[in-house]
Participant: 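Got a structure for you, questions after.
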Amino acid sequence: MNKTKVLLLTFNVCGNFSLAFGYLKAYALKDKLIRERVIIDILDLCKDCNDIEQALFSISRISPKIVGFSCYCWNMEKILKLSPLIKQLNPEIKIVLGGPEVGPISKKYLQENPAIDIIVRGEGEVTFSQIIKHFALNEGKLEKIKGISYRKNGKIFSNPDQPLIENLDEIPSPFLTKTIVPQDKVTYLETYRGCPFSCAYCYEGKNYPKLRFFSDERVKSDLEFILSQENVKSFSFIDPVFNLNQKNVKKLSSMISKLNKFDTKLHTIEIACEKVNKATVSLLKKANVVSVETGPQTINAQVLRNVKREFDKSKFKKGIELLLKNDIKVISDLIIGLPGDNFFSFVKSIKFVFNLKPSTIIFSTLHVLPGTHLHENAQKLGLVFYDAPPHYIISNQSFSYEEIRKASIMANSLEKEYNLKNF
């Protein structure tokens, strides 16, 4: 019996791979019928190096029944260009989109893009598995699959939301199932889902405020496998906040230090710098952490209130000093164009960060992302932004377009000069 083929495809940062696809495939293959009758391929393409013709060639060669895309603001343009070409190649291929770019505005994407058949809203493991069973195994009705918006007979429908997976251990490890092969620098591990913070520019905290954890046993088994790979010199956690609390850091650092056979480095983890103290630094060193990333995004008090971000200037400064003193590199981020900011207050944020002397400074222009508080309250906040991804800010009530462009040009120059000196 010929197996039905399913292709998971995305355009990613060069050299990276999609952990989300690993979860989707590993979860789907739990089902005996899917294992027996379906082949799931994963194709991670470079958003800068691979074009849509290369993607279309791969789709033609594989000849899948379903193509699933992982959608973010940085790869959406290519996906929208590729989707109608797939339909021209074979109108029978079902095109399924998921990810934070499309889920919150699924009806809009379906209305404007006739080639798209289904959009998965929110967490995708259960939903995508049911989509595969429907199209590949002729099981169940589309109307009964929760968490999807879809096109049928020329009309667009949205089913009720899919409940979140309460026990994350129900998702098999993409590493232990060999769905993903660990690689140096681009191996990522997730220990929990959700975020306790509610930053207005971020999708995570608003949509998944409840914290759900993988079990200690699951995390330990993944770590044991990753840290046993001699070729993996460094890896990262993608948890929203690594130092969520001292207990969590202590637990993870203990696991890593005991399992770390090859002196594997832990790099570029997201931390809350205000929570950093001497004990935290000691635990980070024990976990072989070599670099962290943190805010402040802005130091303007009114802007911080507007974007619902917590920030304590003195604690942040002390945290940076402790990290640098202990040879942990610090990447510090600032965002251009936040509501309430202006050119001169943004310059004050730059001055504050420069005086801290972090290892690297990253400036980014605000993306008004679908599903965030800023996107849903844009008119109230006076935000003007590009409707098309990546949804860059154009202006706000206090930051004109000309001033934002001036700030972006200045920041780009300062970032290059500063980081080159610290390379």
Side-chain angles (χ1 to χ4, degrees), residues 184-185 187-189 191 195-197 199 223 227 232-301 304 309-335 346-364 411 414-423:
D184 186 31
K185 297 180 182 178
T187 290
Y188 306 109
L189 191 58
T191 69
C195 183
F197 301 106
C199 302
L223 276 171
L227 293 170
V232 178
K233 308 298 181 186
S234 62
F235 74 106
S236 302
F237 284 91
I238 60 164
D239 297 336
V241 185
F242 181 78
N243 60 329
L244 189 64
N245 55 56
Q246 203 77 345
K247 180 183 176 183
N248 201 51
V249 181
K250 189 174 182 180
K251 176 179 64 183
L252 290 173
S253 65
S254 178
M255 285 185 191
I256 293 167
S257 64
K258 289 175 182 177
L259 298 169
N260 201 349
K261 297 180 180 180
F262 301 109
D263 193 37
T264 307
K265 314 295 183 189
L266 181 55
H267 71 98
T268 321
I269 55 170
E270 293 277 355
I271 66 162
C273 208
E274 291 91 335
K275 291 177 173 284
V276 172
N277 53 32
K278 288 182 180 179
T280 306
V281 171
S282 177
L283 291 170
L284 294 177
K285 295 292 286 184
K286 185 178 180 181
N288 219 12
V289 173
V290 294
S291 65
V292 298
E293 187 166 359
T294 188
Q297 316 305 351
T298 178
I299 66 164
N300 184 299
L304 289 163
R309 181 173 174 84
E310 298 177 16
F311 176 68
D312 184 305
K313 189 182 289 187
S314 60
K315 287 182 179 179
F316 187 91
K317 182 174 181 289
K318 184 179 178 183
I320 295 277
E321 290 170 350
L322 279 169
L323 291 162
L324 293 174
K325 185 179 178 182
N326 286 274
D327 299 318
I328 296 175
K329 292 181 179 180
V330 178
I331 301 166
S332 188
D333 303 329
L334 288 173
I335 298 176
F346 177 67
V347 169
K348 288 181 181 178
S349 293
I350 294 175
K351 185 178 179 182
F352 172 77
V353 170
F354 266 62
N355 286 337
L356 295 177
K357 296 182 173 61
S359 315
T360 304
I361 295 176
I362 295 177
F363 296 99
S364 60
L414 289 172
E415 181 180 307
K416 286 180 180 177
E417 184 179 352
Y418 183 91
N419 295 339
L420 191 62
K421 284 180 180 179
N422 290 274
F423 182 72

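Numbers here simply count residues along the sequence, with the first being 1.
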Participant: Ignoring hydrogens, what is the shortest heavy-atom contact between I271 and V276? Give both atom names and the distance.
Facilitator: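 Distance-wise, the nearest heavy atoms are CD1-CG2, 3.8 Å.
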Participant: Rounded to the nearest 0.5 Å, what separation is found between the CG atom of L189 and the CD1 atom of I238?
Facilitator: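 The distance works out to 8.0 Å.
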Participant: Take D184 and S234 through the test side chain to side chain contact (heavy atoms under 4.5 Å, CB included) and record every step on the way to the result.
Facilitator: CA-CA 6 Å; D184 186 31; S234 62; 3.4 Å; yes
Participant: Which atoms form the tightest heavy-atom contact between K275 and F197, and what is the distance?
Facilitator: CE-CZ, 4.4 Å
Participant: Rounded to the nearest 0.5 Å, what's the gap from CD on E274 to CD1 on I320? Could you check?
Facilitator: 9.0 Å
Participant: Compare every heavy atom of I328 with every heavy atom of V292, then report the nearest pair and how far apart it is.
Facilitator: CG1-CG2, 4.0 Å
Participant: Tell me if a side-chain donor or acceptor on S359 pairs with a main-chain N or O of I331 at a distance below 3.5 Å.
Facilitator: no
Participant: Taking atom CG of L323 and atom CG of L356, what is their separation to the nearest 0.5 Å?
Facilitator: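 Reported to 0.5 Å precision, the distance equals 11.0 Å.
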Participant: Under the side chain to side chain donor-acceptor pair (under 3.5 Å) test, which residues partner N300, sequence neighbours left out?
Facilitator: none
Participant: Got a sec, which pairs hit ring-ring contact (aromatic ring centres under 6.0 Å, His included) with one end in residues 235-269, sequence neighbours left out?
Facilitator: F235-F237, F237-F242
Participant: Considering non-hydrogen atoms only, spot the tightest contact between V353 and P358 and give its length.
Facilitator: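 In terms of heavy atoms, the two residues are closest at O-CD, 3.2 Å.
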Participant: Taking only residues two or more places apart in sequence, or in another chain, which ones meet N245 in a side chain to side chain donor-acceptor pair (under 3.5 Å)?
Facilitator: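 Testing N245 for side chain to side chain donor-acceptor pair (under 3.5 Å), a comparison that skips the adjacent residues, returns none.
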Participant: From L223 CG over to K258 NZ, what is the distance, rounded to the nearest 0.5 angstrom?
Facilitator: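 NZ of K258 is found 12.5 Å from CG of L223.
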Participant: Please name the residue in the list Q246, K285, K250 that meets the side chain to side chain donor-acceptor pair (under 3.5 Å) test with T280.
Facilitator: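 It is Q246, the one option of Q246, K285, K250 that forms the side chain to side chain donor-acceptor pair (under 3.5 Å) with T280.
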Participant: Just how far is it from atom CD1 of I269 to atom OG1 of T294, taken to the nearest 0.5 Å?
Facilitator: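 Between atom CD1 of I269 and atom OG1 of T294 there are 10.5 Å.
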Participant: Are the side chains of N243 and L283 in touch, meaning some heavy atoms are under 4.5 Å apart?
Facilitator: no
Participant: Checking L304 against T298 for the side chain to side chain contact (heavy atoms under 4.5 Å, CB included) test, could you report, in this order, the C-alpha distance in whole Å, the side-chain angles of both residues, the deciding distance, and whether it holds?
Facilitator: CA-CA 7 Å; L304 289 163; T298 178; 3.8 Å; yes
Participant: Determine, stepwise, if the pair I361 / L414 fulfils side chain to side chain contact (heavy atoms under 4.5 Å, CB included).
Facilitator: CA-CA 9 Å; I361 295 176; L414 289 172; over 6 Å; no
Participant: Is any side-chain heavy atom of F363 less than 4.5 Å from a side-chain heavy atom of Y418?
Facilitator: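 Result no, sub-4.5 Å side-chain heavy-atom pair not found.
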Participant: I'd like to know whether NZ of K251 has more than 12 heavy-atom contacts from other residues, nucleotides or ligands below 6.0 angstrom.
Facilitator: yes
Participant: Sorted by first residue and then second, give each side chain to side chain donor-acceptor pair (under 3.5 Å) pair with at least one member in residues 318-335; sequence neighbours left out.
Facilitator: K317-E321
Participant: Any side-chain heavy-atom pair from N288 and T264 closer than 4.5 angstrom?
Facilitator: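 Result no, sub-4.5 Å side-chain heavy-atom pair not found.
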Participant: Verify, without hydrogens or angle tests, whether N419 (side chain) and T360 (backbone) share a donor-acceptor contact under 3.5 angstrom.
Facilitator: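 Not a single qualifying donor-acceptor pair exists.
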Participant: Can you tell me how far the OG atom of S282 sits from the CG atom of L322, to the nearest 0.5 Å?
Facilitator: 11.5 Å
Participant: Between D239 and L244, is any pair of side-chain heavy atoms under 4.5 Å apart?
Facilitator: no
Participant: Compare every heavy atom of C199 with every heavy atom of R309, then report the nearest pair and how far apart it is.
Facilitator: NH1-SG, 3.7 Å
Participant: According to side chain to side chain donor-acceptor pair (under 3.5 Å), who are the partners of E310, at least two apart in sequence or on a separate chain?
Facilitator: none
Participant: Side chain to side chain donor-acceptor pair (under 3.5 Å) with S253: which residues, sequence neighbours excluded?
Facilitator: none
